[in-house]
Q: 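Shown below is the structure under consideration.
Below, chains carry the letters A, B, ... as their sequence lines are ordered, and counting in each starts from 1. Quick note: numbers below take in every heavy atom, side chains included, and nothing from hydrogens, waters or symmetry partners. Please read these numbers as outputs of a predicted model, since none were measured by experiment.
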2 protein chains.
Amino acid sequence: MITNPRVEATRARILNAALDAFVLDGYTGASTDVIAAAAAASKQTVYKYFGDKEGLFRALISDVVDRVHDSIVRLDIDAYEDGEAVVRALARLLTDSVLDRRVQRFRRLVIAEAARFPDIGRAYYEGAFEHTLGRMADLLASASERGLLHIDEPRIAANQLAGLLLWIPSNRIMMTGRFDAISEAEVESGLESGVRVFLAAFRD
Amino acid sequence: MITNPRVEATRARILNAALDAFVLDGYTGASTDVIAAAAAASKQTVYKYFGDKEGLFRALISDVVDRVHDSIVRLDIDAYEDGEAVVRALARLLTDSVLDRRVQRFRRLVIAEAARFPDIGRAYYEGAFEHTLGRMADLLASASERGLLHIDEPRIAANQLAGLLLWIPSNRIMMTGRFDAISEAEVESGLESGVRVFLAAFRD
DNA sequence: TATGAACGGTACCGTTCAGTACGGTACTGA
DNA sequence: TCAGTACCGTACTGAACGGTACCGTTCATA
């Protein structure tokens with residue numbers, strides 16, 4: 001694939017504008033006129049690159065999923081000497097990444113459009129959501145092998161840690177639509193109590 | 001308020017049709033033409049009762065929130081003699097109600113439109129979501145007072161139980177758009193392992 | 001059975017929006 | 001300097017949709 005830098009820049013500008021528009025107004029609510037204007041591009045160019053509105057939307061989703069896929073949780077598990085430290089580090093990484101404004105907004109978009117584009121929802125779920133959980137499970141398994149934790153089914157444990165930490169803040173953010181609906185202190189205390197419950201179940 | 005049965009029936013038919021349409025296509029995607037047709041009503045009548053599209057949407061939301069509010073978890077906590085039974089009963093009640101197709105679809109709708117109607121999202125979050133958690137917290141507190149569990153902060157514990165049980169299935173359902181994405185067996189094993197973790201932390 | 005309110009059906013208006021056409025401009029590379 | 005390509009701006013078309021108007025019909029009730 002030839003990468004004309006000018007083309008690439010225009011394409012990126014359009015995708016950026018599309019992200020903003022779709023995330024704010026949803027698929028139906030966003031208009032290609034507004035997207036083109038925000039990207040300082042002409043509709044002509046938008047349609048030339050992406051075919052139609054649906055093509056633009058799909059390109060946007062896979063673009064983001066690919067980035068999530070690449071930037072997946074890297075944690076040097078060997079640097080930690082006890083289970084509590086491992087779990088706390090993992091918990092912080094997870095909350096920091098998932099409760100990020102952009103991530104929350106994007107997830108809301110995917111959920112909102114899952115009825116219209118079932119394949120897109122599935123792609124995101126498998127490519128981003130489950131992929132992250134799989135990585136977490138690997139880390140927990142490795143900690144378990146080193147005797148820091150006692151985990152028989154790492155995948156389930158990873159799911160549970162995520163649920164403990166994210167259920168409340170994620171729902172509050174998505175339902176209220178306010179991406180700053182959770183204070184620093186709440187995140188902190190939620191993390192602390194979540195880690196405590198997890199350790200009660202999986203440290204010896 | 002005079003309750004003309006004919007008026008009431010027409011109104012109910014319109015709200016039912018609106019629920020289906022909004023849940024399927026979102027606020028922007030649903031059309032009042034389709035809603036009126038599905039309700040076997042004329043647009044004239046729809047607009048007479050609800051003013052405009054937004055009025056119809058708001059009426060629908062508060063209608064549903066009121067119903068959730070009324071049918072809130074009632075569980076005879078005194079019937080149980082040990083903590084495990086209490087938690088298991090609570091867990092089943094919670095998963096059965098929250099993972100219900102209609103509930104999931106409605107929550108997705110609220111999330112999808114939270115940006116467009118922030119007050120609606122907040123009303124649902126406080127009137128339905130938090131209300132249920134509060135009721136759960138009461139039950140856990142009562143079990144704790146009877147010595148069946150050891151819970152210092154019932155509200156937090158209720159949040160955590162919900163997160164343990166619902167994070168994965170709820171996300172899978174909403175993101176894939178398939179409301180049968182979770183098998184009976186998965187629900188069962190998720191419930192079992194969630195209860196186990198919860199008990200490890202809160203039983204003695 | 002007479003009366004009026006509730007209601008359905010259809011046509012209509014104004015606007016928005018996806019998608020297209022076209023003419024002109026900036027850049028790039030030989 | 002010339003050719004080709006990327007791109008912008010604007011105007012346009014056709015369809016969908018929110019909302020309104022009008023007329024005929026149904027139905028409860030007195």
Q: May I ask you to decide whether A/Asp180 forms a salt bridge with A/Arg101, counting only side-chain N to carboxylate O separations under 4.0 Å?
A: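 Result for this pair is no, no salt bridge flagged.
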Q: Where the side chain of B/Tyr27 meets the backbone of B/Glu54, is there a donor-acceptor pair that is under 3.5 Å apart?
A: yes
Q: Identify the pairs formed between an N or O of the protein and an N or O of nucleotides 21-24 of chain C at a distance under 3.5 Å, and give each distance.
A:
from	atom 1	to	atom 2	distance (Å)
C/dA21	N7	A/Gln44	NE2	3.1
C/dA21	N6	A/Gln44	NE2	3.2
C/dC22	N4	A/Gln44	NE2	2.9

Q: Going by number, which of residues 11-20 of chain A have a non-hydrogen atom under 4.0 Å from DNA chain C?
A: none
Q: Just to be sure I understand the geometry, which residues of residues 50-60 of chain A put a non-hydrogen atom under 4.0 Å away from DNA chain C?
A: A/Asp52, A/Lys53
Q: What do you reckon, are the aromatic ring centroids of A/Phe57 and A/Phe117 less than 6.0 Å apart?
A: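 That pair passes the under 6.0 Å test.
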Q: Short of 4.0 Å, heavy atom to strand atom, which residues of residues 23-33 of chain A count as contacting DNA chain C?
A: A/Ala30, A/Ser31, A/Thr32
Q: Can you list the steps and then say if A/Thr28 with A/Arg116 is a side-chain contact (heavy atoms from CB on, under 4.5 Å)?
A: CA-CA 10 Å; A/Thr28 315; A/Arg116 207 183 312 268; 2.9 Å; yes
Q: Looking at C/dA6, I'd like to know if its phosphate oxygens (OP1 or OP2) sit under 4.0 Å from a side-chain N or O belonging to B/Thr10.
A: no
Q: Do A/Arg105's NZ or CZ and the ring of A/Phe179 fall within the cation-pi criteria of under 6.0 Å and 45°?
A: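 Yes, A/Arg105 and A/Phe179 form such a contact.
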Q: For the residue pair B/Leu93 and B/Leu75, what are the closest heavy atoms and their distance?
A: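 For B/Leu93 versus B/Leu75, the nearest heavy atoms are CD2-CD1, 4.1 Å.
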Q: Can you tell me how far CZ of B/Arg203 sits from CG of B/Leu149, rounded to the nearest 0.5 angstrom?
A: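 The distance works out to 8.5 Å.
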Q: Now, which nucleotide makes the Watson-Crick or G-U wobble pair with C/dA30, with each of the two distances under 3.5 Å?
A: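 Base-paired to D/dT1.
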Q: Measure up the B/Trp167 and A/Phe129 rings against each other and bin them: parallel (under 30°), tilted (30 to 60°), perpendicular (over 60°).
A: tilted
Q: What nucleic acid atoms does A/Ala41 come within less than 4.0 Å of, heavy atoms only: base, sugar-phosphate, or nothing?
A: sugar-phosphate
Q: Does this structure show an ion pair linking B/Arg196 with B/Glu192, if we count only N-O contacts that are shorter than 4.0 Å?
A: no
Q: Can a side chain N or O of A/Lys48 be found less than 4.0 Å away from OP1 or OP2 on D/dA6?
A: yes
Q: Provide a list of protein-nucleic acid N or O atom pairs under 3.5 angstrom, restricted to nucleotides 25-27 of chain C.
A:
none

Q: Salt bridge check: are A/Arg92 and A/Glu188 linked by an N-O gap of less than 4.0 Å?
A: yes
Q: Can you name the residues that form a side-chain contact (heavy atoms from CB on, under 4.5 Å) with A/Asp33, not counting sequence neighbours?
A: A/Ser31, A/Lys43
Q: In terms of side-chain geometry, is the basic nitrogen of A/Arg122 or A/Glu126 positioned less than 4.0 Å from the acidic oxygen of its partner?
A: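 The answer is no: the pair does not qualify as a salt bridge.
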